[in-house]
Amino acid sequence: MLFVTRWFGVTASDADRNPIREKIEIEEIVEKSLLMQKNAANQQHRPLCRGTHAKGVCARAEFEVFDVTVGRDPVLAARLAKGIFAKPGVHPATVRFGNADPKINSDFKPDVRSLSFSVDLTTDGRPVSDGNVGRQDFSLQNTRTLPINDSTAFLAIMKLLTAPNPAVGLWSLSFRDKLRVLRTMTLVQVQMHQKIKPYQQLRYGSNVPFRHGPSDVVKYSATPLSDNPARPLERNNPKGLQDELIRHLNQDGKMSGFDFGVQFLDSGRMTYWGKHQDTNFWIENASVNWEEEEAPCHTVARLTLLRNSQLQPDAAEMTYFDVTGNSTPDSTPLGSINRARWPSEVASRKARAHTKSNAEKALAAHS
């Protein structure tokens, strides 16, 4: 089966990967990402928003790191106790729930939902983590994998999404890129058409891997507690998901929580179509699932929303998440997609800030 999926972009070994080509692809991905961000704003006659996940709501939370040694085998506990999970404690956090689309759509349009959050690692403003990092950011979606496999697939899909004519854009791609786009779009459709549930009742995953200490690699998950409260969604309200979360923050006595877990990459146990693959296979192929039957998740922390903590629009607009720039030495992101998305996310954030600054200057000049 790997022989077949290689035609659609899954890379079998390092021989299928080209670091020089990847750097060139990333430069073009940045250009296409900025164009998509601009196009979305122009088509909706609004200022620039985030390049993706344009619509969302921010709030405050607490991130409680558990004592990972309790009730666990010492060997497993030692593997878990890395980075911010090495010491129990409670940290302030900022969360954002959103929709993945670069456009601001109805919450009931099929889409992937996201949970991003930053954990404050400071005491009285002073970093307390290794590497003098003041915060650690996490970005998760209500999916197990990313449909875009690597930088090559990323660029192919961006060429299609930013083409003035989609049919011409698709035709202009190479045969192998057409296959990559076909696989990506198929996976996207499956992920977008999940049952729509309140943000606080969805399970989220990081999709892509991160370092966990000097030798381990993990993915993250955030599993909703079974008693997270929510009311039936108002299907005629285009802000139904957003408004339900805000209602929950302002009215419910019990706040929603998520058990936060890590899933180790154990290549000796994990299989793809029944066969073992090397470690880099699991790191570089973002669209390949890590089956939990082979690589279980281990709960190490809990994220709990805080009551009456919704951020106001200006503060929410200023909030951003950067899993590369805001990572500890023990938690740096890995894999082609992580390398590809960071420059485009930074460029998108700078473009948004530049537009806001120009607007403020223009307003001041006319006041």
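Nothing here was measured: the structure is a model prediction, and the numbers come from that model.
Remark: side-chain polar atoms of Ser206 are paired, donor with acceptor, to backbone N or O of Tyr220 under 3.5 angstrom.
For the pair Asn149 and Arg180, the minimum side-chain heavy-atom distance is 4.5 Å or more. Residues Gln141 and Arg113 have side chains not in contact (no heavy-atom distance under 4.5 Å, counting atoms from C-beta outward). Residues Tyr204 and Thr143 form no side-chain contact, since every pair of their non-hydrogen atoms from C-beta on lies 4.5 Å or further apart.
Shown here are the ring-ring contact (aromatic ring centres under 6.0 Å, His included) partners of His212, two or more places apart in sequence or in another chain: Phe264. For the side chain to side chain donor-acceptor pair (under 3.5 Å) test, residues two or more places apart in sequence or in another chain that qualify with Ser348 are Gln37.
A cation-pi arrangement, defined by a distance under 6.0 Å to the six-membered ring centre and an angle within 45 degrees of its axis, is absent between Arg144 and Trp290. A cation-pi contact, defined as under 6.0 Å to the ring centre and within 45° of the axis, is absent between Arg183 and Phe8. Judged by the 6.0 Å distance and 45° axis criteria, Lys219 is not positioned over the aromatic ring of Trp282.
Heavy atoms of other residues, nucleotides or ligands lying less than 6.0 angstrom from NZ of Lys103 number 12 at most. The number of heavy atoms from other shown groups lying within 6.0 Å of CD (Gln44) is above 12.
Ring centroids of Phe321 and Phe117 are separated by 6.0 Å or more, keeping the two rings apart.
Here the OG-CZ distance, from Ser327 to Arg211, works out to 10.0 Å after rounding to the nearest 0.5 Å.
A pairwise comparison of heavy atoms in Ala286 and Val208 identifies CB-CG1, 3.9 Å as the closest pair. Pro229 approaches Gln200 most closely through the heavy-atom pair O-NE2, 3.2 Å. Pairing each heavy atom of Asp150 with each of Glu284, the nearest pair is CB-O, 4.1 Å.
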